[in-house]
Each structure stands twice: as structure tokens, then as C-alpha cells.
Amino acid sequence: MTFTPRMVALDIDGTLVNHQGELPHAVREAVAKIDVPVVLATGRGLFGAVPIHEALGLQGGHAVVSNGAVTATMSPLKVQTEITFDPRPIIDHVMDVYPQALIAVEEVGVGYRLNQLFPVGELQGELHIESIEKLASRPAPRVIIRDPNGYADSFQDLAHSLDLHSVSYVIGWSAWLDITPEGVTKASALDALCRLKGIDPKDVLAIGDGNNDIEMLQWAGRGVAIGDASEQVQAAADDIAPCFEDGGTAVELGRWF
């Protein structure tokens with residue numbers, strides 16, 4: 001069966017930009033040739049996605065941010081969907097079993113409320129230090145748990161200790177745990193966007209490299225993992241592009257546009 005993309009969903013970090021935040025010219029050129037809707041689908045918050053949207057020269061359209069908890073129109077910038085949950089049980093448990101953790105509660109369109117500052121550059125928008133009681137006091141679309149001195153493996157144990165029946169979670173490339181409402185992923189948000197636009201998911205090209213891209217790659221008609229992705233992410237994909245440094249994203253887009 002011939003695949004013809006009618007929408008392109010693109011992860012940002014490790015797919016469009018490297019881990020230093022640099023956007024290669026080849027990627028920018030490849031995105032400029034896309035003649036169907038382009039949706040940035042990222043774990044970043046809204047403020048983290050806007051500069052990339054602008055750097056790519058994209059006009060209008062949508063972005064799926066916060067791992068699917070938030071969908072926004074980009075020109076003009078407006079939150080279209082925000083799905084929240086009660087963060088108190090998660091925050092209280094983390095403080096009990098991992099008291100050194102840094103906790104960030106996302107405030108969409110504003111920034112983050114924190115118990116302590118994160119390493120410089122990891123969060124965008126306004127940052128406000130609050131007590132644990134205040135952090136847990138109202139619904140949120142996403143909670144981030146972070147330990148700059150920890151390891152991803154240690155966060156596997158932390159995640160397994162949480163009562164995750166009412167939330168979704170993904171572990172990042174380091175000691176970073178993203179927690180969103182139950183059933184919320186990049187794929188769930190993209191699926192809702194496809195229904196809105198009358199696009200069949202089988203006609204979506206999705207490209208990503210992280211653990212938070214697995215559901216998106218499985219959901220899309222053609223899910224492509226960047227060559228640097230872990231074995232688990234690659235196993236979820238329909239195909240593997242070259243590594244980021246070898247222009248993997250540009251190569252894949254060049255096959256279709």
C-alpha cells in the first residue's frame with residue numbers, strides 16, 4: 001500500500017534540534033518543503049515549543065506540548081486543549097520516598113511552579129518557588145520530577161513505587177520523570193487533532209527519538225525513529241532513519257517532500 005502523508009508530527013529534542021538546542025540548516029530546509037500540516041509534538045512546555053516553531057518558519061498550525069496534555073494553536077498563540085489531574089498524591093509520595101527530588105508543576109502559558117530551581121536552561125517561562133503544599137494545591141497538566149545528580153535507572157524504581165493508575169508517565173534520557181493525566185500522550189493529543197482536521201492517522205508521518213515518542217510512533221501510519229533512539233523506541237517504529245548527526249530527520253522528510 002502506498003503511503004502519502006497528509007500530516008507530519010515532529011518531536012523537537014533529538015529530532016529537530018540536538019541536545020545543545022541547535023537546529024541544523026538541513027532540517028530547516030526539509031521542513032520548509034512540507035506541503036501538509038506540520039505539528040510539533042514535544043515534551044517541552046508551550047514556551048519551549050514557540051521558538052522552534054518560529055525558527056522553522058512555520059505559519060499557523062498547531063503544537064502538541066507537555067507530552068500531549070496541552071494542544072495549542074500557534075498563530076495566534078492560544079491554548080486549545082488542557083487536560084489536568086490532581087498532583088497531590090504524586091507529590092506527597094515523591095517527597096516521602098525521594099525527598100531530594102526537584103518538582104515542577106506546569107502553569108500553561110506562564111511557566112512552572114517549583115520547590116527548587118532546576119538546572120539552568122531546562123525549563124522555559126516564568127519560574128516561581130513555592131512550598132510543597134502550594135505546589136499540590138490545584139490541578140495541573142503535568143508534573144516533572146527531577147534529580148540532576150541521579151540516573152534514569154533510579155527513576156525506574158521511583159516510577160514503579162508510585163500509584164500510577166490515574167496518571168501516565170515517561171522517563172527521560174536522564175533522571176527526569178514526566179507525569180501527565182491518565183491516557184494522555186503525544187499520540188492521544190495528535191489523534192484528537194486528526195479527528196478535528198478529518199485526517200486518518202494512517203496518513204500521518206511521525207518522527208521521534210525518545211521514550212515519550214513510543215505511543216506516537218506506534219499510532220502513526222508511518223512512525224520513524226531517529227537512529228540515535230534506544231532499542232525500545234526503535235522497536236516501536238515502522239522504520240529507522242539515520243542518526244541525528246547524519247541528518248536523519250532531513251533524510252526521512254526528503255523521501256516524501
Side-chain angles (χ1 to χ4, degrees), residues 3 5-24 26-28 30-31 34 36-46 48-49 52-53 55-56 58 61-72 142 144 152 168-174 176-178 180 184-194 199 201-257:
F3 174 71
R6 294 185 57 212
M7 176 189 282
V8 177
L10 297 171
D11 169 52
I12 293 181
D13 295 285
T15 301
L16 291 173
V17 304
N18 62 19
H19 291 300
Q20 288 72 50
E22 299 164 339
L23 174 66
V27 171
R28 187 184 291 109
V31 171
I34 300 174
V36 299
V38 176
V39 180
L40 300 184
T42 178
R44 294 187 180 202
L46 186 56
I52 304 303
H53 190 272
L56 290 169
L58 296 172
H62 293 80
V64 166
V65 299
S66 307
N67 281 331
V70 177
T71 300
R142 176 172 63 152
I144 302 169
S168 299
Y169 79 95
V170 62
I171 296 174
W173 55 271
S174 61
W176 178 295
L177 181 64
D178 264 330
T180 52
V184 169
T185 64
K186 293 183 183 183
S188 67
L190 288 166
D191 195 65
L193 199 53
C194 278
I199 296 174
K202 71 179 179 59
D203 297 325
V204 177
L205 168 64
I207 309 176
D209 76 309
N211 292 335
N212 60 342
D213 294 314
I214 289 175
E215 293 88 354
M216 176 177 77
L217 299 181
Q218 293 171 329
W219 164 87
R222 179 173 170 81
V224 178
I226 299 300
D228 308 272
S230 68
E231 290 182 5
Q232 184 181 11
V233 176
Q234 292 191 21
D238 299 300
D239 204 353
I240 313 299
C243 292
F244 183 90
E245 292 300 324
D246 295 325
T249 300
V251 169
E252 176 61 25
L253 292 176
R255 297 183 60 173
W256 312 102
F257 305 99

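All residue numbers refer to positions in the sequence shown, counting from 1.
Put simply, the side chain of Arg142 gets close to the backbone of Gly43: a donor and an acceptor are under 3.5 Å apart. Side-chain N or O atoms of Gln234 include one that pairs as donor or acceptor with a backbone N or O of Ala229 at under 3.5 Å. Side-chain N or O atoms of Lys186 include one that pairs as donor or acceptor with a backbone N or O of Ala41 at under 3.5 Å.
Scored by the side chain to side chain donor-acceptor pair (under 3.5 Å) test, Asn67 finds Asp178, Asn212 as partners (sequence neighbours excluded). Under the salt bridge (Lys or Arg N to Asp or Glu O under 4.0 Å) criterion, Asp209 pairs with no residue at all, not counting sequence neighbours. Under the side-chain contact (heavy atoms from CB on, under 4.5 Å) criterion, Ala220 pairs with Val204, Ala206, sequence neighbours left out. Looking at residues two or more places apart in sequence or on another chain, you find a side-chain contact (heavy atoms from CB on, under 4.5 Å) between Leu23 and Leu16, Val17, Val27, Arg28, Ala55, Leu56. Judged as a side-chain contact (heavy atoms from CB on, under 4.5 Å), and not counting sequence neighbours, the contacts of Thr185 are Ala187, Ser188, Glu215. In this structure, the side chain to side chain donor-acceptor pair (under 3.5 Å) partners of Glu22, at least two apart in sequence or on a different chain, are Asn18. In terms of the side chain to side chain donor-acceptor pair (under 3.5 Å) criterion, residue partners of Ser66 (sequence neighbours excluded) are, by chain and number, Glu106. Checked against side-chain contact (heavy atoms from CB on, under 4.5 Å), Val36 has the following partners two or more places apart in sequence or in another chain: Val8, Ile34, Phe257.
Val65 and Ala49 make their closest contact through CG1-CB, 3.7 Å (heavy atoms, listed as atom of the first residue, atom of the second, distance). When all heavy atoms of Phe244 and Gly14 are compared, the closest pair comes out as CD1-O, 3.4 Å. Between Cys243 and Gly227 the shortest heavy-atom distance is SG-C, 3.8 Å. The two residues Ala241 and Gly248 make their nearest non-hydrogen contact at CB-O, 3.6 Å. When all heavy atoms are compared, the tightest approach of Ala189 to Gly68 is CB-O, 3.6 Å. Contact record, Pro5 with Leu205: CB-CB, 4.1 Å, taken as the closest heavy-atom pair.
The list of salt bridge (Lys or Arg N to Asp or Glu O under 4.0 Å) pairs with a residue in residues 228-243, not counting sequence neighbours, reads Arg222-Asp239, Asp239-Arg255.
Contact annotation: the side chain of Val39 never approaches that of Thr71 to less than 4.5 Å [non-hydrogen atoms, C-beta and beyond]. Considering only heavy atoms from C-beta on, Arg44 comes within 4.5 Å of Ile52 through its side chain.
No option in Val224, Val31, Thr15 other than Thr15 meets the side-chain contact (heavy atoms from CB on, under 4.5 Å) test with Thr249.
Rounding to the nearest 0.5 angstrom, the gap separating the CD atom in Gln232 from the CD1 atom in Ile214 is 4.0 Å. Rounding to the nearest 0.5 Å gives a distance of 11.5 Å between CD of Glu245 and CD1 of Ile226. Taking CE from Met7 and CD1 from Ile199, the interatomic distance works out to 3.5 Å, rounded to the nearest 0.5 Å.
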